[in-house]
Asker: 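Could you have a look at this structure, given as structure tokens, before my questions?
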Amino acid sequence: MTTMDARSMGASVRRIEGPDKVTGTATYAGDTVADGTLVLHPVQATVARGEITAIDTAVAEALPGVVAVLTHRDAPTLGDTGDPEHRVLQGTTIHHRGQFVAAVLAEHAEVAAEAAGLVVVTVDEAPSTTGFDPDGEAYAPSALANGQPADSGAGDPDAALAAAPVVVRASYATPMEHHNPMEPHTTTATWVDGRLEVFEATQGVESSRQTLATLFDVEVVVHASHVGGGFGSKGLHAGTVLAVLAARTVPGRPVRFALGRRQMFEAVGYRPATLQHLSLGASHDGRLEVVAHDVVGATARYKEFVEPAGGSTRSMYAAPHRRTSHRAVPLDLDGPTYMRGPGEAPGSFGLECAMDELAVALDLDPIELRVRNEPEVHPENGLPFSSRGLVECLRTGAERFGWSSWDRAPRRRLVDGWWHGVGVGCGTFPTLRFPGSTAEITFTGGRYVVAIGAADIGQGARTVLTQIAADALGVDVTAIAVEIGSTQVPVGSIAGGSAGTASWGSTVVEAADRFRDKYGENPDDGDHADAATPDNPWAGEYAMAAYVAQFAEVAVHADTGEIRVPRLLGMFGVGRILNPTLGRSQLQGGMVWGLSMALHEESVVDPRFGEVINHDFAGYHVASNADVRRVEAEWIDEDDPYVNPMGAKGIGEIGIVGVAAAIANAAYHATGVRVRSLPITCDDFLTSGLLSP
Amino acid sequence: MSTTIPMSITVDGERHDLAVDPRTTLLDALRERLRVTTAKKGCDHGQCGACTVLLDGRRVLSCLTLAVAKDGSHVVTADGLATDDGLHPVTEAFLAYDAYQCGFCTPGQICSAVGAIDEARRGMPSAVTADLTGEVTLDRTEIAERMSGNLCRCAAYVNIVSAVEDAAHGTAPRSSTLEAQA
Amino acid sequence: MKPFTYARPAVASEAVTTLAADPDARFLAGGTNLLDHLKLGVVEPSQLVDVSRVTGTAIEELADGGLRIDAGVPNSDLAADARVRERYPAVAAAILAGASGQLRNMASTGGNLLQRTRCAYFADPTTPCTKRDLSQGCSARGGWARYHAVLGTAADGCIATHPSDLAVALVALDAQVQVLGPDGARTIPIGEFHRLPGDDPTRDTVLAHGDLVTAVDLPATTPAVRNSTYRKVRDRASYAFALVSAAVALEVADGTVVDVRIALGGVAHKPWRATTAEATLRGRPATDDEFRAAIAAELDAAAPVDSPLGGNAFKIPLVTGTVVSTLRALAGGAA
């Protein structure tokens, strides 16, 4: 088994849609211009639980410019997708604050918003629970969000902990976080002649099509030429259903619903809060005897989603005695969902901080501790690794970072009033391939048109698929024209799970092989071939995953506790990087997400009102340009012939994994203050009494 | 609905006469009325910078600007920066340094960068200017601070700073650092 | 957003008359805060009176050696003015620490002083807020109070903070606010311009309806003011409101504090002039211990709030650290 020869793959081909993006002429879901477009403004529940007893729409309907007001009274019964979030205007029950309970359609945005404020909703409020209490009522879920079992284990962890010479027990908290892509979720929908056409901010046009077709029993076409970021949030949420419900009432007229930023905190999912109890037991020479990772996480009462925070602990380190468990606390909030590095991002904070604490307890270099516990095979399922670059990433990264130049003891470096320290955190993310795509290749006008319903959400799918196709067909990238982002081209799986490129790329390679088999090197105009996503023959034979070692330098102000990150280095083992420029951009972006998670992001739910109270960009901070100083993403040479023909592991999510732990560990190294709750802010140091020299 | 008020505005070199509801923001006037969708609505509350345009030569947030208050003004969006000679040097630099991913904040970033470079050339200090009375040197720290009003959730910040640095110092490569795509 | 009419008067007196005649009218200047509140439904004016073309945009020398800053001067121009940078560095630094380049281009000098609190409950009309409506209680108490006040609060009352950076510097420098009202022009010392919440937290300033800020006067600079700065501590490195900030001016001779001015932001309903700390420090050695003792005296009256969603007790050590480190830096080698 070998990977394909690379000519275009591995080259820094510029983003194909670049000129459109930098001039602003790339069209996103809200950028379609059509005469007669109506604007939708929703009416939302202002309590977390209850029953609607009355809705008075008369005043709103009378406002000039209002075309229609929708409520549950006149909504049709929708088909069942199995997702409670899709049951929009299907009854009187309120499951969470912010739920859409009505909508105004108007000629202009100002009027729609004004009219929405005139709709009077009377609610019989019920008691609700919206604040995450890890000691509250919890249940054992039947599965994690990714389908994995909630619990796993081997040996006798409790007995092993009791017997282990060195033990670290600590609990780590990660908060609720919201994706906040820069483009709020937007739908422009037109219902005409029994057909629904939707311009949608989505990570998967086909999955959106299927959902809408099920809900509305209608022929659906979905377009997403450009998507302004997704990060897991751009599945199909209630807002899209609401927009289509509205469009259905005004056949022939486009209806636009662009969520406002506040609605991004109550209608499109989030990463749920976790409290993670870590128990590590080791011998004096730093061999792990036991790893236990017990997670309590929030979920929504009306829609279960259990963040698999203990998932990656199942494969990171060798130990004879092991346990992971997940318990879920149901809340009366909207449904959580996948957010960049779901499971791995919060879970690596717990595990990798605990490993750092163990290294301190052992007086051992934290890199050496990890090297000593590198598993030879997957510790739970016993499969060999298709490739596993963690140790090389640690060693290469440490060298590049200058790790050995730092005294391992904490509180040793005070420079211009700032305590400096360094830390390391590791991570993994599975290498997946989703079935169900079809690629079609047509030779026309001297170029190969490669069509597949992929989504470019900023990761560079259009560009990288062009490179893959070029190499698969043995031609230059200039001979390739990729068509994606619509259900009017063959089916594509979602841009998610860091599996987009692997899934679509494998499909394109398969179609290219068939095309060459049929037509050779000199096809005629109109020749075409297609192929479905091939199964990976090595699935079940090897454990496949990407790895990273993250290094952080942190500075903490000795008087104020302000924390900054002057330097991040991520050393990645991710197989072949298909486009170094785009790949580096994506990995760096993921690392900045890790920085943002470490220092900034926290959605604060006020249980008195059942809402995220810091529901805007002033209250919910994401990293700004000034927070980001030196961020380097590098990778080891890694030839993995088993993952896919390209030899490429997904890189969308691995970038964030391990960063928050690296920063927290560096903060400890800088100050001697161990912070076990994110985000890390000045108060953590100010109240420690340890700041001043 | 409010009584509309007539106004005129020049956008990317083209004059428009229109009548607006006084509540209409400049951003909504551009996008919904004039169909100039290059300025993006990321938050609509002045907290993200995606709607940044150059208003009479200065970078501003079009979401917090009432259209009616800017009667007679000149607006330049990212699409209007190009000249007959080609793309603006800042635009070129964003391409060359891959200073964007999803592209949604990018038009605002580029308008902001054009404004920021101009402000620095006029000697305007920033929060990280060490000597408030001295010269302004547009180094990476200065650029990052001056560009912090433009959030980028893809977090292309490192490349944005590189692009602005190169454009500011007149050495923006014409896409030569990367293999050009036909 | 409810409909409103729009007026653009030609001169300031006309703007004042127009506004005074309509109790629900509001002035519109840079609009950076007002438009936000219009969209949120925090304010619902009947009319906007656009003063952006009637308030001047000049910065002029005053006979006493001070500067007069017209209310219409954009924040960015004020911070860039060479005289301001040289003679009043705390003013330039305070402006530059706030908002973003775009917002500073839009925001006016007068409008900056009239910003309303960024309290999340104030900005969310679905939650009770005593600052929006006197008949309601304060939701920040017991809620997300991380950014809230520790000084000048009353039991159970509003704990909002004033968000302006510029105003903190102006308070430290004893600026004067020029106001044109229905009854004519008057001058208000900046220290008396902003209010503590008292029994009416809906009012941020002493201005009456129809009062228009026309200019801000900076008094002649002093050795301490020339040696002044603004230090802002925030969770994000830029584009964020202050947890705590300090405008500090210091003159030290022979290791002794000759003159000192300290104003704090992020701690009270108004920019907080730390008069107790100043009085404690004058004539004392410029040392860390003295600095610390002085600010501790100021914070004696602090009343932080506890909250399950994040209280603000950390602001006590944060103010201390911020002020001490800023004084130390201004003292140069003296500390």
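Owing to the predicted nature of the structure, the values given are computational and were not obtained by experimental measurement. Here is how names work: the chains are called A, B, and so on, in the same order as the sequence lines, proteins then strands, and each is numbered from 1.
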Asker: Top residue by heavy-atom pair count (under 4.5 Å) with chain C, among B:Leu64, B:Ile5, B:Thr133?
Answerer: B:Leu64

Asker: Any ion pair linking B:Glu119 and B:Arg58 (charged N to carboxylate O, less than 4.0 Å)?
Answerer: no

Asker: Less than 3.5 Å apart, any donor N or O on the side chain of B:Arg140 or B:Ser162 sitting next to an acceptor on the other?
Answerer: yes

Asker: Heavy-atom distance under 4.5 Å to chain B: side chain of C:Ala93, backbone, both or neither?
Answerer: both

Asker: Please classify the contact between B:Ala69 and chain C as side chain, backbone, both or neither, with a heavy-atom cut-off of under 4.5 Å.
Answerer: both

Asker: Taking the basic N atoms (NZ, or NE/NH1/NH2) and the acidic carboxylate oxygens, is any pair closer than 4.0 Å for B:Asp118 and B:Arg121?
Answerer: no

Asker: Is B:Cys48 close to chain C through its backbone or its side chain, or both, or neither, when contacts mean heavy atoms under 4.5 Å?
Answerer: backbone

Asker: Side chain of C:Arg116, backbone of C:Asp204: donor and acceptor closer than 3.5 Å?
Answerer: no

Asker: If you tally heavy-atom pairs under 4.5 Å against chain B, which of C:Glu86, C:Arg236, C:Lys39 wins?
Answerer: C:Lys39

Asker: Side chain from CB out, backbone as N, CA, C, O: work out which of these in B:Leu151 comes under 4.5 Å of a heavy atom of chain C, or both, or neither.
Answerer: side chain

Asker: Can you confirm whether or not the ring centre of B:His88 sits under 6.0 Å from the ring centre of B:Phe94?
Answerer: no

Asker: Name the option with the most non-hydrogen atom pairs under 4.5 Å to chain B; the candidates are C:Leu38, C:Leu40, C:Leu48.
Answerer: C:Leu40

Asker: With a 4.5 angstrom heavy-atom cut-off, could you sort out which part of B:Cys63 is near chain C: side chain, backbone, both or neither?
Answerer: both

Asker: Picking from B:Leu66, B:Val128, B:Asn150, which has the most non-hydrogen pairs under 4.5 angstrom with chain C?
Answerer: B:Leu66

Asker: Does any backbone or side-chain atom of C:Asp36 lie under 4.5 Å from a heavy atom of chain B? Answer side chain, backbone, both or neither.
Answerer: both

Asker: Cut-off 3.5 Å, side chains only: do C:Tyr230 and C:Ser245 have a donor facing an acceptor?
Answerer: yes

Asker: Please rank C:Asp81, C:Leu103, C:Asp77 by heavy-atom pairs under 4.5 Å with chain B and give me the top one.
Answerer: C:Asp77

Asker: Tell me, side chain or backbone of C:Leu28 under 4.5 Å from chain B's heavy atoms, or both, or neither?
Answerer: side chain

Asker: Is a donor from one side chain sitting under 3.5 angstrom from an acceptor on the other, for C:Asp50 and C:Ser52?
Answerer: yes

Asker: Checking C:Thr32 against chain B: side chain, backbone, both or neither under 4.5 Å from a heavy atom?
Answerer: both

Asker: If I measure from the heavy atoms of chain C, does B:Thr65 come under 4.5 Å with its side chain, its backbone, both, or neither?
Answerer: both

Asker: Please determine, among B:Met147, B:Glu145, B:Arg59, the option with the most heavy-atom pairs under 4.5 Å with chain C.
Answerer: B:Arg59

Asker: Need one label for C:Ile95: side chain, backbone, both or neither, based on atoms under 4.5 Å from any heavy atom in chain B.
Answerer: neither

Asker: Quick check for you: among C:Gly101, C:Pro74, C:Gly30, which has the greatest number of heavy-atom pairs under 4.5 Å with chain B?
Answerer: C:Gly101

Asker: So, are C:Arg87 and C:Glu61 salt-bridged, with charged N and O less than 4.0 Å apart?
Answerer: yes

Asker: Among C:Asn112, C:Leu114, C:Val171, which one satisfies side-chain contact (heavy atoms from CB on, under 4.5 Å) with C:Ser164?
Answerer: C:Asn112

Asker: Verify whether one side chain among C:Asp22 and C:Ser46 offers a donor that lies under 3.5 Å from an acceptor in the other.
Answerer: yes

Asker: Any donor-acceptor pair under 3.5 Å linking the side-chain atoms of C:Thr126 with those of C:Asp124?
Answerer: yes

